Amino acid sequence: MSIPVQPARPSEARDRLLRVASSIFYRDGIHAVGVDRIITEADVTRATFYRHFPGKEDLVMAYLDREDEAIRGYFAAAEPLATSPANMLELLIDGIADDVTRYHTRGCPFINASAEYPDATSAVRRTVRRHRDWFKSTLTSVLEAAGRGDAEEKAKALVLLRDAAMVGGYLDGAETIRDTFVATARRVAELD
């Protein structure tokens with residue numbers, strides 16, 4: 001008789017470190033924040049930090065993975081609500097606009113991280129690339145399902161529009177770009 005193995009519970013200290021670091025990295029930048037500040041604000045010991053993250057870059061990649069998981073979660077949450085492939089496109093466009101105006105008012109965490117890690121071969125940039133590739137391929141699939149011709153080019157345009165909305169939202173105020181983003185994205189997705 002074998003004893004069932006219980007999955008490891010996530011460490012509360014690790015979760016706190018990641019939550020605190022994510023907030024600080026997004027608000028203040030990655031290179032501007034030292035490990036000591038994260039340890040202090042997360043109220044953990046240095047040994048606890050290094051037990052969960054061998055180095056700061058590992059924490060940065062976990063932060064980006066957390067952002068990626070959240071965005072994938074938004075896409076997954078929209079699927080059961082969609083009444084058609086075209087409606088899914090509408091939900092995604094509105095979801096991106098909501099993300100820019102509610103959650104990512106200081107720009108895109110992936111663009112921000114890339115600006116701080118210019119070496120395209122670094123582990124951080126590879127993490128960013130994985131997210132962007134997934135984002136574009138998911139948009140391509142939705143566009144194809146909706147019967148849109150040239151789906152990959154349209155997906156590239158939607159990624160570019162999202163990037164612009166993230167940057168424009170940060171520089172000019174998220175509410176000022178929402179309507180323009182939605183109208184332009186709807187035209188690209190042939191929803192108007």
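Values in this document were obtained by computation on a predicted structure and should not be read as measured data.
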Working to the nearest 0.5 Å, report the span between [atom1] of [X] and [atom2] of [Y].
X	Y	atom1	atom2	answer
Met88	Ile93	CE	CD1	11.0 Å
Ile96	Phe75	CD1	CZ	5.5 Å
Arg51	Ser11	CZ	OG	7.5 Å
Thr105	Asp99	OG1	CG	10.0 Å
Glu153	Leu143	CD	CG	11.5 Å

Item to complete: Describe, in one word, how the ring planes of Tyr74 and Tyr103 are oriented to each other, choosing from parallel (under 30°), tilted (30 to 60°) and perpendicular (over 60°).
Response: parallel
Item to complete: Test salt bridge (charged side-chain N to carboxylate O under 4.0 Å, His left out) on Arg72 and Glu69 and set out the steps.
Response: CA-CA 5 Å; Arg72 288 175 191 248; Glu69 287 172 17; over 6 Å; no
Keeping [X] on the side-chain end and [Y] on the backbone end, is there a donor-acceptor pair under 3.5 Å?
X	Y	result
Thr48	Val44	no
Glu116	His31	yes
Lys154	Gly149	yes

Do [X] and [Y] come within less than 4.5 Å of each other through their side chains, counting heavy atoms only?
X	Y	answer
Tyr117	Val128	no
Arg186	Glu90	yes
Leu191	Arg148	yes
Phe25	Asn112	no
Arg162	Leu158	no
Leu91	Glu79	no
Thr101	Phe181	no
Thr45	Ile39	no

Worksheet item: Is the closest side-chain donor-acceptor distance between Arg19 and Ser22 under 3.5 Å?
Response: no
Practice prompt. Would you check if there is a donor-acceptor pair between the side chains of Glu67 and His131 at a distance under 3.5 Å?
Written response: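 Their side chains do not contain a donor-acceptor pair, so the 3.5 Å distance test is not met.
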Practice prompt. Test Glu190 against Leu89 for side-chain contact (heavy atoms from CB on, under 4.5 Å), laying out the working first.
Written response: CA-CA 10 Å; Glu190 298 175 4; Leu89 282 170; over 6 Å; no
Which heavy-atom pair separates [X] from [Y] by the least distance, and what is that distance?
X	Y	value
Glu144	Ala151	CG-CB, 3.4 Å
Ile177	Ala165	CD1-O, 3.7 Å
Val100	Ala174	O-CB, 3.5 Å
Asn87	Ala82	OD1-CA, 3.2 Å
Glu152	Thr140	CA-OG1, 3.8 Å
Pro109	Leu64	O-CD2, 3.9 Å

Does [X] belong to the same Ile/Leu/Val/Met/Phe/Trp/Tyr cluster as [Y], with side-chain heavy atoms less than 4.5 Å apart forming each link?
X	Y	value
Tyr26	Val167	no
Leu161	Ile111	no
Leu160	Leu139	no

Worksheet item: Is the distance between the ring centroids of Tyr170 and His104 less than 6.0 Å?
Response: no
Fill in: Option among Leu17, Asp68, Leu18, Thr127 that satisfies the side-chain contact (heavy atoms from CB on, under 4.5 Å) test with Tyr63
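When Leu17, Asp68, Leu18, Thr127 are each tested with Tyr63, the side-chain contact (heavy atoms from CB on, under 4.5 Å) holds only for Leu18.
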Worksheet item: Does Arg132 make a cation-pi contact with Phe110 (under 6.0 Å, within 45 degrees of the axis)?
Response: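 No, Arg132 and Phe110 do not form such a contact.
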Worksheet item: Does the side-chain hydrogen bond (donor to acceptor under 3.5 Å, both in side chains) test come out yes or no for Thr40 and Arg37, once each step is laid out?
Response: CA-CA 5 Å; Thr40 299; Arg37 180 175 170 196; over 6 Å; no
Worksheet item: Under the criterion salt bridge (charged side-chain N to carboxylate O under 4.0 Å, His left out), which of Lys136, Arg130, Arg129 is the partner of Asp133?
Response: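 Only one option passes, and that is Arg129.
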Worksheet item: Going through the distances and angles, do Asp119 and Arg125 end up as a side-chain contact (heavy atoms from CB on, under 4.5 Å)?
Response: CA-CA 7 Å; Asp119 179 2; Arg125 288 289 296 275; 5.8 Å; no
Worksheet entry | Test side chain to side chain contact (heavy atoms under 4.5 Å, CB included) applied to Asp98 - qualifying residues, sequence neighbours left out | Arg102, Arg178
